[in-house]
2 protein chains.
Amino acid sequence: MTGAAPARRTRRHDPHRRDRLIDAALAVIAEHGVAGTTHREIARAADVPLGSMTYHFDGLDDILAEAFTRHTESIARVFDERLTAARTRDEAVEAVVTLVADDLLSPGHDLILTVELYVAAARNPRLKAVTQAWMQRSRDALVRHFDPTTAREVDALIEGLTLHSALSTDPMTPAQIRHAIERYLR
Amino acid sequence: MTGAAPARRTRRHDPHRRDRLIDAALAVIAEHGVAGTTHREIARAADVPLGSMTYHFDGLDDILAEAFTRHTESIARVFDERLTAARTRDEAVEAVVTLVADDLLSPGHDLILTVELYVAAARNPRLKAVTQAWMQRSRDALVRHFDPTTAREVDALIEGLTLHSALSTDPMTPAQIRHAIERYLR
DNA sequence: ATTACATGTGTACGCTCGTACGCATGAGCA
DNA sequence: TGCTCATGCGTACGAGCGTACACATGTAAT
């Protein structure tokens, strides 16, 4: 006896299960942190039996790597597109401001995921690679409009502004973000 | 039988044990992360029996809070002193540069502890209070020499610079740090 | 010297975890 | 139709965890 019969679903044939599991993993990380992310928690979030985790992934590290890869790539893509579209330096500055103030700090965007990635990457080589690929990509995008030194510095500034806002009870307003970036770039 | 007799120390009467445990906790956090920090790991690091943890602390949260409080206060103290000693704005800029380039980024300084604190604080109210007290204190120190907007912005910049350096395989040099800060403040 | 109590120590309990693995099942192909 | 195997499912196992708690011991007050 395993307890009350668990609502016998007959959910065979679930083609995008792997994808759904990766999304569920991101949701769990955002809610409970990497430390609170377990096979069981992800399975519960995706409404899938525990045994399914072993089948689709090689282990927890595997899931984390796939989840964070998806997360960073979706950010990097937007970053790339906006900066590629910019034609002048002023447009590039505007693109950066918009990205940070409107996208990274928008309520729907789970800023905490980024910090979680950083910490996890400190001790997980695979996640470190994910982090670095991402940093490289955003710096490459910046270098198209700014000299390498400026690109690196503004990259760090963006990091600090978002992190600061993510953790403060009194987050910076979009106007303050704009002021800080423009002060640096104009 | 518990296994090989564990080197019968007679270590009774250990007056600063609590202090040593807090230091050991910081060492364990730096090495294994908050997620890998357990009573047993700290006890091992301090060479103390497991039972001692229960006696000296109310739980793991209690230890973490005390450890991070010690960590942030030791940084804040230096920050305060240096900025209080500065008499002119130029001296204040110099103090900030030195703090970041020489202290925060020095090899002995465990930068990763800061990031660990941030992540842990996101889900632990007590640690959130520790983080905010620290941020407030460093901003107060900056406000003695810079206007509030500048103080807040440079605070974020420092955050980004140190974080960036902590995670990159190609960390910024002290000269690059100096360049970034001076560009912003002069 | 006796006592009281703060401190130190060892161990046990119940829990959750990652992972392995045997069995079930149904989709796609011959 | 019948076969086959990728996929799905349930459960079990051993390990490590936080915590509680009974007992030991040394200090300091009387």
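Proteins come first, then strands; the chains are lettered A, B, ... in the order of their sequence lines, and each starts at number 1.
Using a 4.0 Å cut-off on heavy atoms, the residues of residues 53-63 of chain A that approach DNA chain D are Y55(A), H56(A), listed by number.
Helix bend of the helix from dA1(C)-dT30(D) to dA30(C)-dT1(D): the angle between its two end axes, each built from five pairs, comes to 10° after rounding to 10°.
Residues R20(B) and D47(B) are not paired through a salt bridge, judged by the lack of any N-O separation under 4.0 Å between the basic side chain and the carboxylate.
Hydrophobic clustering keeps Y55(A) apart from F57(A) (ILVMFWY residues linked when any side-chain heavy atoms are closer than 4.5 Å, directly or through intermediates).
In this entry the distance linking NE2 of H32(A) with C1' of dT16(C) reads 14 Å, nearest Å. Summarising the geometry, the separation between CZ on R40(B) and P on dC13(C) is reported as 14 Å, rounded to the nearest angstrom. As rounded to whole Å, 11 Å separates atom P of dG10(C) from atom CG of D47(B). What separates CD1 of I42(B) from C1' of dC17(D) is a distance of 13 Å, to the nearest Å. Per the geometry, CG belonging to D14(A) stands 14 Å off C1' belonging to dA6(D), to the nearest Å.
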Report task. I would like to know whether D90(A) and E94(A) meet side-chain contact (heavy atoms from CB on, under 4.5 Å); could you show each step before the answer? Result -> CA-CA 6 Å; D90(A) 273 359; E94(A) 190 58 31; over 6 Å; no
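Applying the salt bridge (charged side-chain N to carboxylate O under 4.0 Å, His left out) criterion to E182(B), with sequence neighbours excluded, gives R178(B), R186(B). The salt bridge (charged side-chain N to carboxylate O under 4.0 Å, His left out) search around R77(B) returns none, not counting sequence neighbours.
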Could you list the donor-acceptor pairs under 3.5 angstrom formed by side chains in residues 126-135 of chain A, with sequence neighbours left out?
{"residue": "R126(A)", "atom": "NH1", "partner": "D62(A)", "partner atom": "OD1", "Å": "3.4"}
{"residue": "R126(A)", "atom": "NH2", "partner": "D62(A)", "partner atom": "OD1", "Å": "2.9"}
{"residue": "T131(A)", "atom": "OG1", "partner": "L127(A)", "partner atom": "O", "Å": "2.9"}

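Picking from dG8(D), dA27(C), dT27(D) the nucleotide with the shortest atom distance to the side chain of H13(B) gives dT27(D). Across dG18(D), dG8(D), dC17(C), the shortest atom-to-atom separation from the side chain of H39(B) is found for dG18(D).
Among pairs with a residue in residues 102-116 of chain B, those fulfilling side-chain hydrogen bond (donor to acceptor under 3.5 Å, both in side chains) read R123(A)-E116(B), R82(B)-D103(B), at least two apart in sequence or across chains.
Taking only side-chain nitrogens and oxygens, R17(A) never comes nearer than 4.0 Å to OP1 or OP2 of dA6(D).
For D147(B), the CG atom counts as densely surrounded, since its 6.0 Å shell holds more than 12 non-hydrogen atoms of other residues, nucleotides or ligands.
With hydrogens and angles left out, the side-chain atoms of H145(B) and E91(B) include no donor and acceptor closer than 3.5 Å.
Residue contacts for S52(B): at a heavy-atom cut-off of 4.0 Å it reaches a base atom on one of the strands shown.
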